[in-house]
Structures are given as structure tokens and as C-alpha cells.
Amino acid sequence: MIEEEYARLAGQVAFLVGYYDYRGSVPVELLQVALNDGDVRQAVKDHAKAEGT
């Protein structure tokens, strides 16, 4: 159980690191999604749609 949670969190962090590398920053909203056990990948898609990119 704990190993699965760590693996999920590591995946979220790795995705955000890649996003930071690509965009140069990570919006606070995406960090909040990650901390609240949300789907970061979907949040990035929603954020990009809202920004019009």
C-alpha cells in the first residue's frame, strides 16, 4: 500500500519536473492538485485549455 502511494507520488513529481523543464515554471494550481492526490496530467490539460495554449 505505502509503496503504491510512493510510486504514484513519484510519478506526479516526475511529471511536474518535466512540465517545469518545458515551461520554466509550475503554476500553483498544479502543485495543489498534486498535493491533494489529484490527476496532474488532466490538470495540465485543463490549465493549457484555460490559457488557450
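Separation of atoms CZ (Arg41) and OH (Tyr19) is listed at 14.0 Å; rounding is to 0.5 Å. Here the CD-CZ distance, from Glu51 to Arg23, works out to 5.0 Å after rounding to the nearest 0.5 Å. How far OH of Tyr20 is from CG of Leu31: 11.5 Å, rounded to the nearest 0.5 Å.
The minimum heavy-atom distance linking Leu30 with Val40 is given by the pair O-CG2, 4.5 Å.
For the residue pair Asn36/Gln32, the side-chain donor-acceptor check at 3.5 Å is not satisfied.
Atom CD of Glu4 sits in a sparse spot, with 12 or fewer heavy atoms from other residues, nucleotides or ligands closer than 6.0 Å.
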